[in-house]
Amino acid sequence: MTNPWNESTRSSRPTRPTYLPPHLRDQPTITITIPASLARSSPRRGRGGGGGRVRGGNGSGFRGCRTANPSRSYGRSGENFSENDPNPYRPNVMRQPPFHISEKFDELEVIDDDEDPSSDVNNNMNAYDETPVETSGFDVPPPVTLFSEIDFCSALSDNIKRCKYVKPTPIQRYAIPVAMAGRDLMACAQTGSGKTAAFCFPIISRILKDYHHLKSSSPTMMACPLALILAPTRELSCQIHEETKKFSYKTGVKVVVAYGGAPIVQQFRNLEKGVDILVATPGRLVDMIERAKVSLRKVKYLALDEGDRMLDMGFEPQVRKIVQQMEMPPAGVRQTMLFSATFPTEIQRLASDFLSNYIFLAAGKVGSSTDLIAQKVEYVHDVDKKIHLVNLLRAQRANEKHALTLVFVETKRGADALQHWLSMKGFPSIAIHGDKVQMERERALRSFRSGLTPILVATDVAARGLDIPHVAHVINFDLPRDISDYVHRIGRTGRAGKSGLATAFFCDKNTPLAKALVELMQEANQEIPPWLNQYAETSYAYGSGGMQSSRFSGIKFGGHDYRRGANNESYDYSKQLGDSTVKESYAAASSPFSLHNSRADYPTSSQADSFSDGFYSHMLDYRSVVASGWD
DNA sequence: AAAAAAG
């Protein structure tokens, strides 16, 4: 079989990882980059080799830590931190990155359908098999088991195979049929479980089927995309762009990205060549619309990645402007899809402004924490954090030589300071935050991905969505105020069936977070240090009148359809359907809410009342919990 | 209270 990806690039294969500046990315060349997570380390088709995203566990070493004595160090053998490091980092020595970022099409091939189902790929993805999925809404299309059950066009199917998507993850199994049916969707699924593909495949497929004859992608001065994908950070929009481009390879569907910090002229040039799917961050998009370079009047599909983030305080006005005041067709005319690992109740309520008769999906037991991530919390005084971190990294270096470690801090200044300290102490590290120029941000990410600097010190700019293979350890040097942020941060590890480790440094000022943290860890079957339980109890009183308890303390942080409330005053289900008779039918036996693949320990919809008392409520459609007296 | 997102 001939493989165009293979042939076309063979001669131009570079010898080292190459950065492709934005202005070159949409050239019809062969040097399009694709995320390393989807590239194979060997150009040969095979069952054993390769470093694809669905490939086998790096985590055997860390898995042991989950049951290890928490007071001990991270060494598999439990040795204590060694002061004399045999392999100190010397900045002047040329270092070889351990991870070759081979992002070339010629390393991808179409795999045959006879792929051994018992290969390591599938075994790891089976970690998701028992994931419970909650659906609510009317006439939910049935889920599929295989990609082949969905009527994608052959070019898209080929791309899916090339990307080694062997079998849909739970969120893909449910969300793709919903999206293909043209329904609005709010989807809540664990980090790293394939949300991007879940909205990308249907968008590409439906553009091909319904709109491609319109030739809307022919060159124009005013770009009129058919689909708009919004993301909260520049790097995430880049990543989505790369993925989407890969999925639409050879389909004729054109994908363009627009984000701040990069020359706008180059992005205009890309737009002028035609665009079907526009991936953007809000600020740059508004700018382009105001300059009349982009019009949203033809948008048929709107996807908000990290949907809860896009609608929280910082972003909501901008996003509302884009969706409601810039010629975008109204809800019900366009199709709207929101995806995230977390959906706080208040945000769900806001989001219903953008949705029409939508279906709510929740895949996975908690907001994120797949059991694949081992979570540890250590009590560390503020002043001791730096030395504690160095000790931790030292122990880790002895065992996990090439493990990537992502360290989250609270502030931009703090990120620079800590990165500097780590470099002084002999740990190759780099920092990323919003005060750096875009080039530096992208350079930092690349350097981290490749393993050249295996420690990345980051603010929340890197908390969401970024898919970085080989991140074995996430350290919350400073814990976030918001439990959702914690969920997203630790979700940078343990992706696509792999396991990972998350360590948090807890100090007194994190008391307001304690309760939510304990509940989250309990749900993920993690060992809770007794002292943390003490803090959790004080944090009840702590936030009793405050924001933390009402908004983030565990019980409301999203994962259930808020429409579920039987007497939900603030949500009129019938109004949304435009049919006053619907409310009766909703109250009647034919409930639009159901639960699939349920396990014994997972609540059914009839147990909705108990949600208000426990952690399961963060899995609730907010339409149900409002009525439970939480306000 | 901080971070992100336009320049």
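Quick note on labels: first sequence line is chain A, next is B, and so on, each numbered from 1.
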In whole angstrom, give the distance that lies between atom [atom1] of [X] and atom [atom2] of [N].
| X | N | atom1 | atom2 | result |
| --- | --- | --- | --- | --- |
| A:L230 | B:dA4 | CG | C1' | 14 Å |
| A:I483 | B:dA1 | CD1 | P | 20 Å |
| A:E410 | B:dA4 | CD | P | 11 Å |
| A:D482 | B:dA3 | CG | C1' | 12 Å |
| A:H433 | B:dA5 | NE2 | C1' | 16 Å |
| A:D485 | B:dA1 | CG | C1' | 12 Å |
| A:H488 | B:dA2 | NE2 | P | 21 Å |
| A:R489 | B:dA2 | CZ | P | 14 Å |

Give a yes/no answer on whether the side chain of [X] brings an N or O atom under 4.0 Å of OP1 or OP2 in [N].
| X | N | value |
| --- | --- | --- |
| A:T459 | B:dA2 | no |
| A:R234 | B:dA5 | yes |
| A:T281 | B:dA6 | yes |
| A:K412 | B:dA4 | yes |

Checklist entry - What is the nucleic acid contact for A:R413, judged by heavy atoms within less than 4.0 Å: base, sugar-phosphate only, or nothing? => result nothing
Next on the checklist: Regarding A:G314, tell me which of base, sugar-phosphate or nothing describes its non-hydrogen contacts under 4.0 Å with the strands shown.
Outcome noted: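 Base contact.
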Next on the checklist: Taking atom types as they are modelled, would you say the side chain of A:R309 forms a donor-acceptor pair with the base of B:dA4 within the 3.5 Å cutoff?
Outcome noted: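 Yes, the side chain and the base share a sub-3.5 Å donor-acceptor pair.
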Checklist entry - What are the two closest non-hydrogen atoms of A:A341 and A:T191, and how far apart are they? => result CB-CG2, 3.8 Å
Checklist entry - Out of B:dA4, B:dA3, B:dA6, which nucleotide sits closest to the side chain of A:T411? => result B:dA3
Next on the checklist: Going by the rule side chain to side chain contact (heavy atoms under 4.5 Å, CB included), which residues pair with A:T196 if we only count those two or more places apart in sequence or in a different chain?
Outcome noted: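 Counting only residues at least two positions away or on another chain, A:T196 forms a side chain to side chain contact (heavy atoms under 4.5 Å, CB included) with A:F199, A:C200, A:I240, A:E243, A:D305.
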Item to check | For A:T233, all residues meeting side chain to side chain contact (heavy atoms under 4.5 Å, CB included), sequence neighbours excluded | outcome: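 Per chain and number, A:T233 pairs via side chain to side chain contact (heavy atoms under 4.5 Å, CB included) with A:E235, A:L236, A:V461.
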Checklist entry - Does NZ or CZ of A:K385 fall inside the cone over A:F505's six-membered ring, less than 6.0 Å from its centre and within 45° of the axis? => result no
Checklist entry - For atom CZ of A:R320, is the number of surrounding heavy atoms from other residues, nucleotides or ligands below 6.0 Å larger than 12? => result yes
